[in-house]
K.L.:
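Take a look at this one; I'll ask things after.
The analysis underlying the following values was restricted to heavy atoms, covering all of them including side chains, and did not include hydrogens, waters or symmetry mates.
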Amino acid sequence: NVTQDNITENSQIAADHEVDWQFFVLDDGYQRSLGDWLMVNEKFSDGLKPIADHVKNLHMQPGIWTAPFVTMKDSRLAQDHPEWLLKQPFNDKPVVCGYNPNWGKGFAFYALDVTHPGMQAYIKEVYTTLVHTFGFEFLKLDFVYAASLPGRPYDASISGAERLNLGYKLIREAAGRDTFILGCGSPLSPAIGLVDAMRI
């Protein structure tokens, strides 16, 4: 139920109380659908850049939540690029990687295939835009285990752990070394050297 006004008001209250916070992070609730990270819903009609600018003006670093390796069937990503979803080992059905009733539409969400060239280009576009165009300086990456799940990827020559490591590398390359990256829901070893902190 979060809205753009909530974020603006709460960050302003924090600044007015002179809290000693380094980051102010926009979490889940702004996106059109899971996977459509550059498409906001009607509650964020002004877009994402004004939020980052507002937080910077309050002398905090703006952060944003994404779940880079998952999507839902109603997303523009899944509708336009079904080939980017990780397929089950013995059929063409997508790999279900979890359920969240807060996201609706049947609750299920699906793993993405980070070995697909189109998906790799999309990952680079999303994080280049979030960091270098919109100005976010903190990335909270959630549900990242999805990249490592068993399935039938575009490139079957690399393991699940290597797929997740590749996903992290793509994001780090796009975001740059100065961006603080927090991993969440992640196997640990594929993230070593690529994140600044890990929620465990």
Side-chain angles (χ1 to χ4, degrees), residues 1-72 75 77 98 100 102-103 109 112 122-147 164 167-188 190-200:
N1 295 319
V2 67
T3 68
Q4 190 154 2
D5 287 343
N6 295 151
I7 299 302
T8 301
E9 292 168 6
N10 278 276
S11 57
Q12 186 64 58
I13 290 169
D16 290 345
H17 283 77
E18 299 181 348
V19 296
D20 185 21
W21 294 354
Q22 182 177 354
F23 302 109
F24 192 94
V25 182
L26 170 61
D27 212 274
D28 185 16
Y30 66 89
Q31 70 276 6
R32 176 192 174 275
S33 181
L34 205 65
D36 297 337
W37 306 116
L38 301 179
M39 299 179 187
V40 294
N41 58 46
E42 66 280 358
K43 299 176 297 175
F44 287 82
S45 57
D46 290 341
L48 295 174
K49 188 176 188 304
I51 294 175
D53 290 343
H54 176 74
V55 171
K56 286 180 183 178
N57 288 336
L58 298 176
H59 308 292
M60 291 179 282
Q61 292 178 258
I64 192 164
W65 173 93
T66 59
F69 310 132
V70 301
T71 193
M72 297 192 78
S75 70
L77 181 153
N100 187 337
N102 293 318
W103 291 330
F109 54 100
L112 291 165
Y122 178 67
I123 290 172
K124 291 179 182 179
E125 176 191 4
V126 166
Y127 292 97
T128 298
T129 302
L130 290 176
V131 173
H132 302 292
T133 301
F134 295 165
F136 289 98
E137 300 174 355
F138 177 107
L139 300 174
K140 179 181 177 184
L141 309 180
D142 210 351
F143 298 95
V144 295
Y145 65 85
L164 176 54
Y168 272 128
K169 286 178 177 176
L170 292 168
I171 294 171
R172 176 55 80 186
E173 179 183 341
R177 288 303 318 178
D178 292 336
T179 303
F180 192 105
I181 295 182
L182 171 68
C184 306
S186 178
L188 298 180
I192 292 172
L194 296 167
V195 302
D196 298 283
M198 182 70 75
R199 188 185 72 185
I200 58 172

K.L.:
Which value, rounded to the nearest 0.5 Å, describes the distance between Q4 atom CD and E9 atom CD?
P.N.:
11.0 Å
K.L.:
Looking at every non-hydrogen atom in both residues, tell me the closest pair between S186 and V144 and how far apart they are.
P.N.:
CB-CG2, 3.2 Å
K.L.:
What I'd like to find out is whether the side chain of F136 reaches to under 4.5 Å of the side chain of V25, using heavy atoms alone.
P.N.:
no
K.L.:
What's the shortest heavy-atom distance between G35 and T71, and which atoms?
P.N.:
CA-OG1, 4.0 Å
K.L.:
May I ask you to decide if P50's main-chain N or O and H54's side chain share a donor-acceptor pair within less than 3.5 Å?
P.N.:
no
K.L.:
Among residues at least two apart in sequence or on other chains, which ones pass side-chain contact (heavy atoms from CB on, under 4.5 Å) with V131?
P.N.:
L139, A175, T179
K.L.:
Can you tell me if D16 has over 12 outside heavy atoms packed within less than 6.0 Å of its CG?
P.N.:
yes
K.L.:
Give a yes or no answer on whether the side chain of R172 reaches the backbone of L194 with a donor-acceptor pair at less than 3.5 Å.
P.N.:
yes
K.L.:
Closer than 3.5 angstrom, by distance alone: can the side chain of K124 be matched with the main-chain N or O of I171 as a donor-acceptor pair?
P.N.:
no
K.L.:
Hey, what's the ring geometry for F23 with F138, parallel, tilted or perpendicular (30° and 60° as the breaks)?
P.N.:
tilted
K.L.:
Side-chain contact test, heavy atoms from C-beta onward, threshold under 4.5 Å: evaluate it for P187 versus L164 and give yes or no.
P.N.:
yes
K.L.:
Fit a plane to each ring of W65 and W37, take the angle between them on a 0 to 90° scale, and name the class: parallel (under 30°), tilted (30 to 60°) or perpendicular (over 60°).
P.N.:
perpendicular
K.L.:
Calculate, to the nearest 0.5 Å, the distance between atoms CD1 and CD1 belonging to I64 and I7 respectively.
P.N.:
10.0 Å
K.L.:
Determine yes or no for a side-chain-to-main-chain donor-acceptor pair under 3.5 angstrom, with Q31 supplying the side chain and G29 the backbone.
P.N.:
yes
K.L.:
Would you confirm whether K56, through its side chain, and G135, through its main-chain N or O, come within 3.5 Å as a donor-acceptor pair?
P.N.:
yes
K.L.:
Quick check: closest heavy atoms across V70 and F143, and the distance to 0.1 Å?
P.N.:
CG1-O, 3.9 Å
K.L.:
Starting from the C-alpha separation in whole Å, work towards a yes-or-no answer on side chain to side chain contact (heavy atoms under 4.5 Å, CB included) for L48 and L38.
P.N.:
CA-CA 8 Å; L48 295 174; L38 301 179; 5.5 Å; no
K.L.:
Can N6 and T3 be said to form a side chain to side chain contact (heavy atoms under 4.5 Å, CB included), step by step?
P.N.:
CA-CA 5 Å; N6 295 151; T3 68; 3.1 Å; yes
K.L.:
Taking only Lys NZ, Arg NE, NH1 and NH2, and the carboxylate oxygens of Asp or Glu, determine whether D28 and K140 approach each other closer than 4.0 Å.
P.N.:
no
K.L.:
Look up atom CG in L182 and atom CG in L141, then write down how far apart they are to the nearest 0.5 Å.
P.N.:
7.5 Å
K.L.:
Given 3.5 Å as the limit, does a donor-acceptor pair link the side chain of D196 with the main chain of I181, or not?
P.N.:
yes
K.L.:
I'd like to know whether S75 forms a side chain to side chain contact (heavy atoms under 4.5 Å, CB included) with L34, so could you lay out the CA-CA distance, the side-chain angles of the two residues, the decisive distance to 0.1 Å, and finally the verdict.
P.N.:
CA-CA 6 Å; S75 70; L34 205 65; 5.9 Å; no
K.L.:
With sequence neighbours excluded, tell me which residues meet side-chain contact (heavy atoms from CB on, under 4.5 Å) with N57.
P.N.:
none
K.L.:
Please determine whether side chain to side chain contact (heavy atoms under 4.5 Å, CB included) holds for the pair L188 and I200, giving the CA-CA distance in whole Å, both sets of side-chain angles, and the decisive distance to 0.1 Å.
P.N.:
CA-CA 9 Å; L188 298 180; I200 58 172; 3.9 Å; yes
K.L.:
Atom NZ of residue position K169 - does it have more than 12 heavy atoms of other residues, nucleotides or ligands inside 6.0 Å?
P.N.:
no
K.L.:
CZ/F134 to CG/D53 distance, rounded to the nearest 0.5 angstrom?
P.N.:
10.5 Å
K.L.:
First locate atom CZ of F180, then atom CD of Q61, and finally report the distance between them rounded to the nearest 0.5 Å.
P.N.:
9.5 Å
K.L.:
In Å and rounded to the nearest 0.5 Å, what is the OG1 to OH distance from T66 to Y127?
P.N.:
2.5 Å
K.L.:
Can you see which heavy atom on N100 is nearest to which on F109, and at what distance?
P.N.:
N-CE2, 4.0 Å
K.L.:
Are F69 and Y145 near enough that their ring centres are under 6.0 Å apart?
P.N.:
no
K.L.:
If you look at every heavy atom in W21 and A14, which pair is closest and at what distance?
P.N.:
CZ3-CB, 3.5 Å
K.L.:
Determine whether the side chains of T129 and T133 contain a donor N or O and an acceptor N or O closer than 3.5 Å.
P.N.:
no
K.L.:
Can you tell me if T8 and D5 form a side-chain donor-acceptor pair at under 3.5 Å?
P.N.:
no
K.L.:
Can you give me the closest heavy-atom contact between M60 and S11, atom names plus distance?
P.N.:
CE-O, 3.8 Å
